[in-house]
Amino acid sequence: TIPLLHGAHRIGKRMDVDMNRWRGYGLGQFIHWGLYSILGGDYNGKHYNGAAEWIRSWNQLPNAVYDSLYKQFNPKDFNADKWAAMAKQMGVKYVTITTKHHDGFCLWPSKYTSYNISNTPYKKDIIKQIVDAYTKVGIDVYLYFSVMDWHNPDWRYDLKSASDTIAFNKFKKFTQSQLEEQLRMYPQIKGFWFDGTWDNSWKKSGAFSDSLDQDLKRIHPGLIIGSRLRADDYGKRHFDSNGRLMGDYEQGWERTIPETFADTHGNDWECDMTIPENGWGYAKQWMGHWKTSDELIEMLAKCVSLDGNFVLNFGPKPNGTFRQKEVADAKAIGDWMKINNTAIYNCAHVNWEKQDWGYFTTPTSQDDKVYMIVFNVPVSGALRVLPTKNILLKKAYLLDGDKQLSIEKLDGSAYFVHLPNEGQKQPFVVVLETEKGKNGKQDINKHI
Ligand SMILES: Cc1ccc([C@@H]2N[C@@H](C)[C@@H](O)[C@H]2O)cc1
């Protein structure tokens, strides 16, 4: 291995109580809210067809116009308790909220820049209201923070001169000051979600990213920080020059989901997903396909079946309300979670052969129970199950209503679980109770 001072300092998963709670979340909410929400992807009657929160980078929009939007930010209908109630009904266990996106505007009254919420007509601290409201209903809060800050004159994309280095050193101090300020102001938070760390200036700041990570965790023990913060001695990100994950979980799955368990490299990981095809901040016109709630529930099941968490993004309007489609999806997911969350919360990957009908999960607390989250019922009504060696199926029943299902033992160690032809309209869960076979002999019963 290559000797590193600022590579991964831990091999394997974090197993402390805070990370174990993170591992069991299953479902989270992301919220992108800021000055970009005012424009909603449009300006001067023209539509910016990139991600709406990136509109400041659009050459049709003068920076000065964007940077004066704070003078009109006044979300009259914002009510953090209503946001928290919607998230609670949806069944999310954690929320990640943008405190400062790439535009540099701070949704909290930072004392390190005047470009913050206290200088808007709204004035009040949005982050505090969200932290308090979500914490009150038992949802853990994580703060999104973009290192890249287009508004701060000391930001640099690269360090090509002594003056770049002097400016960027000031910028690094500013960044650390803002983060330590957030820890002091919002001690209830459980972690940070870093973004905007792909430029050369940051790749050349591996030592700083390492010490920042350690400083924040010293101030707030148990803090959870993903793999998007750090760079190593050679500018490698997420995985250091020896291929080891730097961070408490792999934070690279943005709008994408690993296909197989091998793709997860056995790490903890999180998928962050948009309901439209792209775009995180509010957009008046959403791009392309709008995922249905069934598609979103399937993504959730797939993530949990591969030992990851699924975090769904919401982009509130400038007035602080959510679009109708987001409210409807939160409700539909919540209704499904009310019946089926046993197969999601505190569940993990099962190393049985993947089947077409859906996904396996297993409760981390019980190894003689396996859940089948079914999305594709075959016309035969027979769901194939191939457990690993020496595991026998004892019982199968519907999670919702306990209806017993017949199990047919096939040759070898496979089974069919036979479904009643009730034509389920929603994804549903079958519970399997298993036992270990005696010294490898397979049970000869054909029908149980
Ligand atoms: C290329 C690219 C850079 C940054 C992003 C940001 N990460 C997401 C979580 C959003 O904040 C998006 O603006 C997306 C794509």
Side-chain angles (χ1 to χ4, degrees), residues 27-43 48-59 61 63 66 69 92 94-108 126-127 130 141-152 155 157-158 175 178-179 182 191-203 209 224-231 237-238 247 249-257 269-288 291 296 299 303 308-316 318 326:
L27 177 60
Q29 178 186 45
F30 216 132
I31 294 185
H32 276 74
W33 202 31
L35 301 182
Y36 40 81
S37 311
I38 295 170
L39 298 177
D42 290 352
Y43 175 66
Y48 167 61
N49 64 11
E53 71 285 353
W54 273 69
I55 195 166
R56 186 181 187 276
S57 66
W58 187 23
N59 57 20
L61 171 64
N63 286 349
Y66 185 94
L69 287 172
V92 307
Y94 66 132
V95 64
T96 300
I97 171 73
T98 47
T99 61
K100 180 177 85 169
H101 205 261
H102 312 329
D103 62 359
F105 177 70
C106 302
L107 271 70
W108 83 99
I126 283 181
I127 300 305
I130 288 172
V141 182
Y142 292 70
L143 301 183
Y144 167 108
F145 185 95
S146 173
V147 169
M148 177 172 73
D149 181 330
W150 293 328
H151 187 267
N152 187 308
W155 165 257
Y157 287 99
D158 201 349
T175 299
Q178 285 205 312
L179 290 166
Q182 289 188 352
F192 285 112
W193 203 99
F194 287 103
D195 207 359
T197 55
W198 48 79
D199 288 302
N200 283 344
S201 52
W202 195 255
K203 287 179 181 171
S209 71
I224 292 173
I225 297 177
S227 62
R228 202 175 282 188
L229 172 65
R230 289 181 46 202
R237 296 176 57 241
H238 296 282
Y249 63 91
E250 190 178 349
Q251 199 186 339
W253 301 98
E254 199 173 294
R255 295 188 302 123
T256 177
I257 299 175
W269 59 276
E270 174 187 284
C271 163
D272 303 288
M273 189 55 73
T274 52
I275 299 175
E277 283 178 38
N278 193 1
W280 302 77
Y282 174 66
K284 289 171 189 154
Q285 312 158 45
W286 264 357
M287 301 179 186
K291 298 173 190 70
L296 296 169
M299 290 180 171
C303 288
N309 289 332
F310 181 66
V311 179
L312 186 60
N313 182 68
F314 289 72
E326 289 174 329

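Every value quoted in this text rests on a predicted model; they were computed, and no experiment measured them. Counting starts at 1 for both ligands and their atoms, following the listed order.
Within the 4.0 Å heavy-atom criterion, the part of Trp193 lying near ligand 1 is the side chain and not the backbone.
Nearest protein heavy-atom neighbour of atom 6 (C) of ligand 1: Asp195 OD2, 3.2 Å. With respect to atom 2 (C) of ligand 1, the closest heavy atom belonging to the protein is Trp54 CZ2, 4.3 Å.
The closest non-hydrogen atom to atom 15 (C) of ligand 1, taken over Arg255, Gln251, His101, Glu254, comes from Glu254.
Donor-acceptor pairing under 3.5 Å is recorded for the side chains of Thr99 and Gln182. With no hydrogens or angles considered, a side-chain donor-acceptor pair links Asp103 and Tyr66 at under 3.5 Å. Residues Tyr282 and Glu326 have side chains that never bring a donor and an acceptor to within less than 3.5 angstrom of each other. There is a side-chain donor-acceptor pair under 3.5 Å between Tyr144 and Asp195. In summary, the side chains of His102 and Ser146 do present a donor paired with an acceptor at a separation below 3.5 Å, with no hydrogens or angles considered.
For ligand 1 and Glu53, the ligand atoms under 4.0 Å from any heavy atom of the residue are 10 (C), 12 (C), 13 (O). Applying the 4.0 Å criterion to heavy atoms of Tyr144 picks out, from ligand 1, the atoms 11 (O). Which parts of ligand 1 touch Trp198 is read off a 4.0 Å heavy-atom cut-off, strictly below it: atoms 3 (C), 4 (C).
Contact annotation: Asp272 has no heavy atom less than 4.0 Å from any atom of ligand 1.
Within a 4.0 Å radius of atom 12 (C) of ligand 1, the protein contributes at least one heavy atom.
For ligand 1, the polar-atom distance check finds no N/O of Trp280 at less than 3.5 Å from any of the ligand's N/O atoms. Here's the thing with His32: one of its N/O atoms is less than 3.5 angstrom from an N/O atom of ligand 1.
Residue Glu270 forms a side-chain hydrogen bond (donor to acceptor under 3.5 Å, both in side chains) with just one option from Tyr94, Trp253, Tyr142, and that option is Tyr94.
Between Tyr48 and Trp58, the gap from one ring centroid to the other is short of 6.0 Å. In this structure, Tyr36 has its ring center under 6.0 Å from that of His101.
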